[in-house]
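Structure record follows, encoded as structure tokens.
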Amino acid sequence: MSSPDLKNFRRIVVKVGSSLLIDHAAGEVRAEWLAALAADIARLHADGRDVLVVSSGSIALGRHRLKLPRGPLKLEESQAAAAVGQIALARIWSEVLGHHGIGAGQILVTLQDTEERRRYLNARSTIGKLLEWRAVPVINENDTVATNEIRYGDNDRLAARVATMTSADLLVLLSDIDGLYTAPPGANPDAKLIPVVEHITADIESMAGAAESELSRGGMYTKIEAGKIATTAGTHMIIASGKIDHPLQAIADGGRCTWFLTPANPVTARKRWIAGSLEPKGTLTIDAGAAAALRAGKSLLPAGVIRVDGQFSRGDAVIVRDPDAHEIGRGLVAYDAEHAEKIKGRSSPDAMNILGITGRIEMIHRDDLVIGGSRN
């Protein structure tokens with residue numbers, strides 16, 4: 001099966017690991033390599049693509065600037081090193097993208113921020129606004145407060161979760177290897193690169209080795225796990241070499257890599273998750289005009305809500321019913337039940353005044369809403 005073309009993707013998440021970004025002997029960024037990667041990102045950006053970067057490297061940078069000795073760090077030492085390194089890492093990305101006239105915004109997240117729905121919506125909204133402003137979000141693990149995130153490999157899974165959270169249609173994992181092989185190529189000279197993986201099967205997983213195995217530690221196992229997260233959510237994924245200059249351009253030119261394909265698309269997969277995988281915590285009953293607007297693809301505004309039932313929090317799933325109490329959809333509500341009750345039936349300006357907020361006022365944004373029929 002032929003592989004897709006990079007130019008056909010609209011939103012791309014690029015994961016950059018610490019081993020690629022940092023010269024660990026010198027404790028500094030590999031400046032020439034990063035400049036080449038930034039040029040690749042700038043080309044995609046100029047073509048109208050949304051590009052997000054998931055970058056490691058804060059602990060490595062911090063420990064060098066603090067002149068810490070080699071060897072394992074205690075948890076609190078890793079967190080303190082990350083606090084120093086995050087400042088340096090943000091400045092480096094800002095400068096290298098700024099050379100191309102592109103703004104950068106730092107987002108610090110943990111895996112929990114992509115799992116707990118309230119925090120998920122907050123992070124998603126912030127990233128969405130940066131993309132709307134044509135900035136490149138640079139997303140790092142928040143190692144200063146994380147406990148279980150500070151271990152090699154979580155940046156692969158974190159990148160996959162960021163890709164699904166932002167409805168990206170492609171995740172690129174830049175690695176020290178150019179793809180998935182039938183066996184570890186360093187140990188088996190007969191190992192062959194697999195250019196396309198249509199489905200992640202048990203056989204594909206076995207090629208990565210066990211999580212605890214010496215060969216897979218910090219390597220292919222976490223990338224396959226990331227692939228399962230991404231492809232289930234409708235995001236294609238690539239494992240490609242980051243050891244070369246202009247790694248994204250190499251992919252665009254048909255260079256060696258492994259594509260992991262998904263049969264879905266991010267919007268379809270996300271809405272299937274909303275419709276079928278989340279337990280509703282409440283109900284919003286809406287008027288006939290709002291029901292017609294939702295069926296036409298609009299968001300649900302407070303003015304169209306006539307009744308609020310249940311105890312729910314921002315980010316919870318709720319059922320949407322028409323005036324005859326028929327369920328017409330489900331979605332992730334943007335307000336707690338108490339606030340939803342205060343602004344139901346109100347115009348958007350009134351609702352903003354009541355809550356003392358500005359900006360988006362949708363009760364349920366259309367991207368977080370599934371209307372009847374599309375739930376199956």
Side-chain angles (χ1 to χ4, degrees), residues 107 109 112-132 161 164-167 233 266-376:
I107 307 287
V109 299
Q112 285 80 7
D113 290 319
T114 63
E115 292 174 340
E116 199 276 317
R117 287 193 289 277
R118 175 188 290 265
R119 291 156 69 178
Y120 166 101
L121 284 181
N122 289 337
R124 188 167 179 262
S125 295
T126 300
I127 292 170
K129 182 56 67 174
L130 286 171
L131 294 173
E132 181 183 324
R161 293 181 183 276
T164 63
M165 178 176 67
T166 58
S167 298
V267 174
T268 300
R270 173 178 167 75
K271 294 201 172 188
R272 188 181 299 122
W273 168 69
I274 292 172
S277 302
L278 300 178
E279 178 185 356
K281 301 294 186 181
T283 301
L284 300 179
T285 302
I286 63 176
D287 61 29
L294 298 194
R295 292 190 176 100
K298 305 294 185 181
S299 298
L300 177 60
L301 299 176
V305 179
I306 57 179
R307 179 171 171 171
V308 176
D309 294 293
Q311 292 300 314
F312 51 82
S313 299
R314 170 177 162 81
D316 282 342
V318 296
I319 294 171
V320 180
R321 298 189 183 277
D322 67 14
D324 298 321
H326 298 131
E327 179 179 339
I328 64 168
R330 299 188 180 198
L332 303 184
V333 67
Y335 297 97
D336 296 343
E338 179 184 358
H339 288 161
E341 181 67 37
K342 288 180 179 179
I343 63 174
K344 71 179 183 184
R346 299 296 191 116
S347 68
S348 294
D350 284 349
M352 286 190 285
N353 288 333
I354 291 169
L355 298 182
I357 62 172
T358 59
R360 281 186 174 177
I361 196 62
E362 298 94 339
M363 190 80 78
I364 304 177
H365 191 274
R366 63 182 183 181
D367 291 345
D368 299 322
L369 182 66
V370 186
I371 298 303
S374 59
R375 298 205 310 270
N376 299 319

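Everything quoted here is computed from the prediction, not taken from an experiment.
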Please tell me if the side chains of [X] and [Y] come closer than 4.5 Å, counting only heavy atoms from C-beta onward.
| X | Y | answer |
| --- | --- | --- |
| Ile107 | Leu130 | yes |
| Val109 | Arg161 | no |
| Lys281 | Ser313 | no |
| Val305 | Thr285 | no |
| Arg330 | Val320 | no |
| Glu362 | Ser348 | no |
| Ile127 | Met165 | yes |
| Leu284 | Phe312 | yes |

_Looking at Arg314 and Asp316, is there a salt bridge between them, counting it only when a charged N and a carboxylate O are closer than 4.0 Å?_
no
Straight-line distance of [X] [atom1] to [Y] [atom2], nearest 0.5 Å:
| X | Y | atom1 | atom2 | answer |
| --- | --- | --- | --- | --- |
| Ile328 | Leu294 | CD1 | CG | 5.0 Å |
| Arg366 | Leu300 | CZ | CG | 13.5 Å |
| Arg307 | Asp287 | CZ | CG | 15.0 Å |
| Ile354 | Lys342 | CD1 | NZ | 9.0 Å |

*What do you reckon, is CZ of Arg119 surrounded by more than 12 foreign heavy atoms closer than 6.0 Å?*
yes
*Considering residues, nucleotides and ligands other than Gln311, do more than 12 of their heavy atoms fall under 6.0 Å from its CD?*
no
Considering all heavy atoms of both residues, which atom of [X] and which atom of [Y] are nearest to each other, and what is their separation?
| X | Y | answer |
| --- | --- | --- |
| Asp322 | Ala291 | CB-CB, 4.5 Å |
| Ile364 | Val333 | CG1-CA, 4.0 Å |
| Lys271 | Leu369 | NZ-O, 2.9 Å |
| Ala288 | Pro323 | N-CG, 3.5 Å |
| Ile319 | Glu327 | CG2-CG, 3.6 Å |
| Pro302 | Ala351 | CG-CB, 4.2 Å |

*For Lys298, enumerate each residue passing the side chain to side chain donor-acceptor pair (under 3.5 Å) test, keeping only those at least two apart in sequence or located in another chain.*
none
*Non-neighbouring partners of Lys344 that pass side chain to side chain donor-acceptor pair (under 3.5 Å), sequence neighbours left out*: Glu341
Using modelled atom types and a 3.5 Å cut-off, is there a donor and acceptor pairing between side-chain atoms of [X] and backbone atoms of [Y]?
| X | Y | result |
| --- | --- | --- |
| Ser299 | His365 | no |
| Asp336 | Glu338 | no |
| Asp324 | His326 | no |
| Arg346 | Ala303 | no |
| Ser125 | Asn122 | no |

*Can you list the steps and then say if Ile286 with Ile306 is a side-chain contact (heavy atoms from CB on, under 4.5 Å)?*
CA-CA 5 Å; Ile286 63 176; Ile306 57 179; 5.7 Å; no
